[in-house]
Protein chains: 4
Amino acid sequence: MAGSVNKVILVGNLGRDPEVRRLNSGESVVNLRIATSESWRDKATGERRERTEWHSVVIFNEQLAKVAEQYLKKGAKVYIEGQLQTRKWQDQAGAEKYTTEVVLQRFRGELQMLDGRGGGGGAEIEDSGDFGQRSPLPARGAARPAASGGGGKYSSDLDDEIPF
Amino acid sequence: MAGSVNKVILVGNLGRDPEVRRLNSGESVVNLRIATSESWRDKATGERRERTEWHSVVIFNEQLAKVAEQYLKKGAKVYIEGQLQTRKWQDQAGAEKYTTEVVLQRFRGELQMLDGRGGGGGAEIEDSGDFGQRSPLPARGAARPAASGGGGKYSSDLDDEIPF
Amino acid sequence: MAGSVNKVILVGNLGRDPEVRRLNSGESVVNLRIATSESWRDKATGERRERTEWHSVVIFNEQLAKVAEQYLKKGAKVYIEGQLQTRKWQDQAGAEKYTTEVVLQRFRGELQMLDGRGGGGGAEIEDSGDFGQRSPLPARGAARPAASGGGGKYSSDLDDEIPF
Amino acid sequence: MAGSVNKVILVGNLGRDPEVRRLNSGESVVNLRIATSESWRDKATGERRERTEWHSVVIFNEQLAKVAEQYLKKGAKVYIEGQLQTRKWQDQAGAEKYTTEVVLQRFRGELQMLDGRGGGGGAEIEDSGDFGQRSPLPARGAARPAASGGGGKYSSDLDDEIPF
DNA sequence: TTTT
DNA sequence: TTTT
């Protein structure tokens with residue numbers, strides 16, 4: 001459709017470690033389970049209440065999948081930007097089911113690690129040349145984690161694999 | 001959870017007229033079915049392909065529910081901002097089902113009508129006083145439709161009901 | 001900085017035709033002037049008031065620059081996604097000035113045309129192959145306009161130039 | 001204007017402590033200075049480069065101003081949602097200047113504290129009653145910080161002042 | 001079920 | 001300078 005936008009922005013915490021599936025193509029797909037929550041005081045009872053929402057996130061973006069696989073773990077706080085997709089499937093009994101996921105397509109979406117030390121992930125992309133004073137960050141969908149723990153080695157390795 | 005964000009932004013078209021449910025409280029809840037789509041050319045086949053995604057939107061925000069009920073109809077293009085919520089329900093056979101919706105809670109969310117003539121809806125809210133040169137728009141979650149077709153009457157009526 | 005996000009989302013109308021600058025590299029950069037506005041009823045006076053905000057948008061993204069150049073004109077309604085950048089410059093008298101712009105970097109940002117007939121622009125990108133049922137839209141920052149006025153020719157030409 | 005959107009989303013760190021101005025009305029306005037940055041590897045030189053962008057944020061939203069005043073300090077990481085506003089002013093020499101700010105109007109905008117312990121701020125709002133299973137969070141523009149350091153006292157005090 |  |  002002309003002129004449409006389908007965007008989800010989440011800031012939340014991983015409920016468990018990332019799940020990585022390796023495709024035949026060699027690419028990996030990462031699934032995250034992310035919790036967001038709101039709390040409020042119920043005026044009627046005066047009690048504090050909280051509602052947690054769980055989101056299924058699927059990362060097809062190769063660079064971001066690598067970052068997720070290498071640096072994220074249960075409890076990590078992340079910023080995620082993707083799009084809504086609902087897919088139909090059948091359970092073992094043959095019943096129709098629908099699942100709605102937040103999807104980061106190839107070359108699309110964003111992932112930022114928001115934890116302080118040993119985890120904060122900033123955008124990190126190679127530039128193909130100067131662009132006046134605007135050189136930074138021409139590319140999309142990439143995240144570079146800060147050195148986690150013992151240094152920047154993994155970070156460097158990752159850098160070398162980013163193809164632009 | 002501390003520091004979480006759960007936000008969905010959609011620009012798309014209504015697949016059918018809004019569905020309005022009246023609650024016992026007198027409030028109304030509006031359900032929208034919104035399509036977003038992307039198209040691309042398949043490199044392998046050279047054919048143009050398109051994928052349409054359908055979104056279920058639920059409007060609990062009273063002002064926006066009124067706007068939706070009065071001014072939106074099948075085919076209308078809208079900007080929607082809400083949050084993801086998944087709810088569990090049982091079908092007639094007793095099978096567990098999950099549905100994920102984009103929800104505009106009371107006093108939350110945004111709705112903007114994007115159609116040109118007889119439909120464009122801008123934010124429209126009363127101010128409770130001046131605020132230096134920054135007076136505009138202190139309130140959230142409101143949309144005022146332009147007069148649709150026969151004039152601004154409904155728009156005015158609506159204005160009078162906006163309680164701030 | 002690790003884990004940062006800098007994002008602007010605008011839906012508004014062009015105050016004038018796009019301004020195109022051709023760089024020595026052959027690339028073009030497009031500047032847009034976009035108005036957003038809010039209206040509200042002043043509670044004290046009962047009068048309707050409106051505040052219009054003007055935004056300077058700079059498009060370095062080549063694909064989106066082409067779309068803007070070819071299909072946008074004064075009055076057009078667009079969805080824009082970019083990032084905030086402030087740059088320092090000197091006026092003729094040598095006085096320091098700062099200008100803040102919404103920038104769509106190379107390969108980044110989004111542009112959707114929201115006008116109905118002869119103008120609605122949907123994402124339009126070639127795919128490099130199938131990806132199961134998820135094939136669509138792996139790429140970012142692209143917009144394909146619908147044929148404006150005299151047909152889809154320019155649209156097709158544009159398609160051929162999109163390098164992925 | 002009908003159907004317009006003016007939204008800025010930032011995730012970044014405070015460059016200095018919040019600046020609080022007390023208005024004659026008793027309300028306070030808080031100014032923040034927030035840095036976002038991107039880093040990338042320059043393909044030509046192979047060097048890592050980084051660009052930091054500084055944003056001026058102005059909080060008129062009373063609740064969020066209180067949160068900012070009480071809980072934010074230099075270095076804190078925050079999620080901010082506001083709108084772009086450019087205002088004209090004159091320096092001491094009478095020269096015209098323009099400043100663009102990210103503004104959180106009264107009852108509008110969002111602020112989430114993203115630091116781990118003693119700082120993470122989740123939405124925290126009182127509800128005016130039940131709303132089926134959807135009771136949470138009817139209100140907008142509020143943030144409740146987690147107890148910082150020694151307990152929830154300030155948090156509770158703040159709660160009592162939130163008028164809904 | 002929309003839209004192009 | 002747009003739009004309603």
Side-chain angles (χ1 to χ4, degrees), chain A residues 1-6 86, chain B residues 10-19 31-40 48-57 71-78 80 112-124 143-148 151-152 155-156 159, chain C residues 10-19 31-40 48-57 71-78 80 112-124 143-148 151-152 155-156 159, chain D residues 1-6 86:
Chain A
M1 180 185 316
S4 71
V5 174
N6 174 0
T86 299
Chain B
L10 300 176
V11 174
N13 296 74
L14 273 68
R16 51 177 187 242
D17 288 343
E19 292 173 2
N31 286 265
L32 305 177
R33 194 73 177 151
I34 294 181
T36 58
S37 84
E38 300 172 298
S39 67
W40 70 101
R48 182 162 311 295
R49 298 184 54 186
E50 185 175 35
R51 184 190 207 276
T52 295
E53 192 70 38
W54 286 97
H55 309 272
S56 290
V57 174
Y71 299 99
L72 295 183
K73 53 176 185 290
K74 182 176 171 174
K77 186 183 285 291
V78 291
I80 287 278
Q112 294 286 340
M113 293 183 284
L114 300 177
D115 293 308
R117 305 311 86 201
E124 177 68 35
R144 184 202 60 92
S148 66
S155 165
S156 296
D159 264 18
Chain C
L10 301 176
V11 174
N13 296 75
L14 272 68
R16 53 178 183 242
D17 289 343
E19 291 172 4
N31 286 264
L32 305 177
R33 194 73 178 150
I34 294 182
T36 58
S37 85
E38 300 172 300
S39 67
W40 70 102
R48 182 163 311 294
R49 298 185 53 188
E50 183 175 38
R51 184 189 208 279
T52 295
E53 192 69 37
W54 286 97
H55 309 272
S56 290
V57 174
Y71 299 99
L72 296 182
K73 52 175 185 291
K74 181 176 171 176
K77 186 183 285 290
V78 291
I80 288 278
Q112 294 285 340
M113 294 184 283
L114 300 178
D115 293 308
R117 304 311 87 203
E124 177 69 35
R144 184 201 60 93
S148 65
S155 165
S156 296
D159 265 19
Chain D
M1 175 187 317
S4 72
V5 173
N6 174 359
T86 298

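Side chains included, hydrogens not; waters and symmetry mates left out as well; all remaining heavy atoms used. Per chain, numbering begins at 1; letters A, B, ... match sequence-line order.
- As rounded to whole Å, 19 Å separates atom P of F/dT2 from atom CG of C/L114.
- The side chain of B/T52 sits closest to E/dT2 out of F/dT1, F/dT3, E/dT2.
- The CD-P distance, from B/E19 to E/dT2, rounds to 14 Å in whole Å.
- The closest side-chain heavy-atom distance from C/Q112 to A/V5 is below 4.5 Å.
- Between the base of E/dT3 and the side chain of A/S4 there is no donor-acceptor pair shorter than 3.5 Å.
- The nearest whole Å value for the distance from the NE2 atom in B/H55 to the C1' atom in E/dT2 is 11 Å.
- To the nearest 0.5 angstrom, C/N13 atom CG is 7.5 Å from C/D115 atom CG.
- Relative to the side chain of C/R16, the nucleotides E/dT1, E/dT3, F/dT1 differ in distance, and F/dT1 lies closest.
- Taking atom CZ on C/R33 and atom C1' on F/dT3, their separation rounds to 15 Å, with Å as the unit.
- For C/E53 and F/dT2, the CD to P distance is 16 Å, given to the nearest whole Å.
- Residue ring and base: B/W54 does not count as stacked with E/dT2 (centre distance below 5.5 Å and interplanar angle below 30° not both satisfied).
- Minimum atom distance to the side chain of C/E50 is reached by F/dT3, of the listed F/dT1, E/dT2, F/dT3.
- Distance CZ (C/R49) to P (F/dT3): 23 Å, rounded to an integer number of Å.
- Summarising the geometry, the separation between NZ on B/K74 and P on E/dT2 is reported as 5 Å, rounded to the nearest angstrom.
- The shortest side-chain heavy-atom distance between B/V78 and B/V57 does not fall under the 4.5 Å cut-off.
- A donor atom on one side chain and an acceptor atom on the other are not found under 3.5 Å apart for B/R49 and B/S39.
- Residue B/M113 contributes atom CE, which lies 21 Å from atom P of E/dT2 at whole-angstrom precision.
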